[in-house]
Amino acid sequence: MHSFGYRLNGLLTFAVTILALMCVIASLSDNLNIPSPSAEIQIMNINWFQKQPKGSDEVSLRMNISADLQSLFTWNTKQVFIFVAAEYETRKNSLNQVSLWDAIIPAKERAKFWIRSSNKYRFVDHGKNLRGKEFNLTLHWHVMPKTGKMFADKIVMSGYSLPEEYI
Ligand SMILES: *[C@@H]1O[C@H](CO)[C@@H](O)[C@H](O)[C@H]1NC(C)=O
Ligand SMILES: *[C@@H]1O[C@H](CO)[C@@H](O)[C@H](O)[C@H]1NC(C)=O
């Protein structure tokens with residue numbers, strides 16, 4: 001009995017060691033993959049642009065978000081969380097970031113897409129700073145691996161601007 005338990009213990013230790021080693025190799029080989037994602041966002045339409053009763057500017061816009069994020073996927077990728085943020089500068093803050101839209105990409109086959117969508121989340125400024133405002137649209141992603149560390153990156157697209165007047 002004693003020697004059986006001893007051997008079982010040894011076997012388990014061995015198995016756990018192999019497993020740990022495989023995880024290390026998995027995340028290492030994952031890091032060797034150099035992704036080359038691409039994205040493009042067109043603003044199709046400004047649905048409306050107003051000053052709210054409380055005085056903050058709010059805009060609703062329709063976008064065509066297209067991206068090819070297939071290279072973010074390896075066999076070690078569980079899923080990829082993406083969000084599109086409007087980023088702009090005001091006198092008070094050098095970076096204002098408003099999340100407009102998000103999605104979870106569950107598989108590589110779904111990572112090349114285009115979608116037409118209005119902003120899912122409200123594009124509201126803390127003040128009256130949006131008229132004529134130039135802004136960036138940034139596609140951020142968080143890659144969630146099966147094992148190892150999560151990593152995040154982004155593509156910044158610039159050259160967008162809001163109308164000078166409320167509509
Ligand atoms: C959205 O953008 C993609 C890529 O630029 C394009 O292929 C597609 O036709 C566009 N869709 C619309 C409705 O404009
Ligand atoms: C917008 O993008 C440009 C070019 O990448 C960058 O120089 C600028 O700092 C960005 N603006 C903000 C507010 O992040």
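All residue numbers refer to positions in the sequence shown, counting from 1. Just follow the structure's listing: the first ligand is 1, and inside any ligand the first atom is 1. All heavy atoms count here, side chains included; hydrogens, waters and symmetry mates do not.
- Residue R116 has at least one heavy-atom neighbour below 4.0 Å for each of these atoms of ligand 1: 13 (C).
- Counting protein heavy atoms under 4.0 angstrom from atom 2 (O) of ligand 2 gives one or more.
- Applying the ring pair (Phe, Tyr, Trp, His ring centres under 6.0 Å) test to pairs two or more places apart or on separate chains, those with a residue in residues 33-54 are F49-Y166.
- Side-chain atoms of N64 do not come within 3.5 Å of backbone N or O of I41 as any donor-acceptor pair.
- In this structure the side chain of L137 reaches within 4.5 angstrom of the side chain of I43, judged on heavy atoms.
- Among N136, T138, V156, the residue whose heavy atom lies nearest to atom 6 (C) of ligand 2 is N136.
- With ligand atoms numbered from 1 in the order given, ligand 1 contributes 1 (C), 2 (O) to contacts under 4.0 Å with heavy atoms of Q42.
- Close approach of ligand 2 to Y88 is summarised as follows: ligand atoms under 4.0 Å from at least one heavy atom of the residue are 13 (C).
- Counting heavy atoms from C-beta on, the side chains of I46 and P163 come closer than 4.5 Å.
- Heavy-atom contacts of M44 reach the following atoms of ligand 1: 14 (O) (cutoff under 4.0 Å).
- Looking only at protein heavy atoms, the nearest one to atom 4 (C) of ligand 1 is S66 OG, 3.5 Å.
- Closest heavy-atom approach to atom 10 (C) of ligand 1 among the candidates D68, I41, N64: N64.
- Remark: the backbone N or O of T138 is not paired with any side-chain donor or acceptor of N136 at under 3.5 angstrom.
- Using a distance-only test at 3.5 Å, with no hydrogens or angles considered, no donor-acceptor pair links the side chain of N93 to the main chain of L95.
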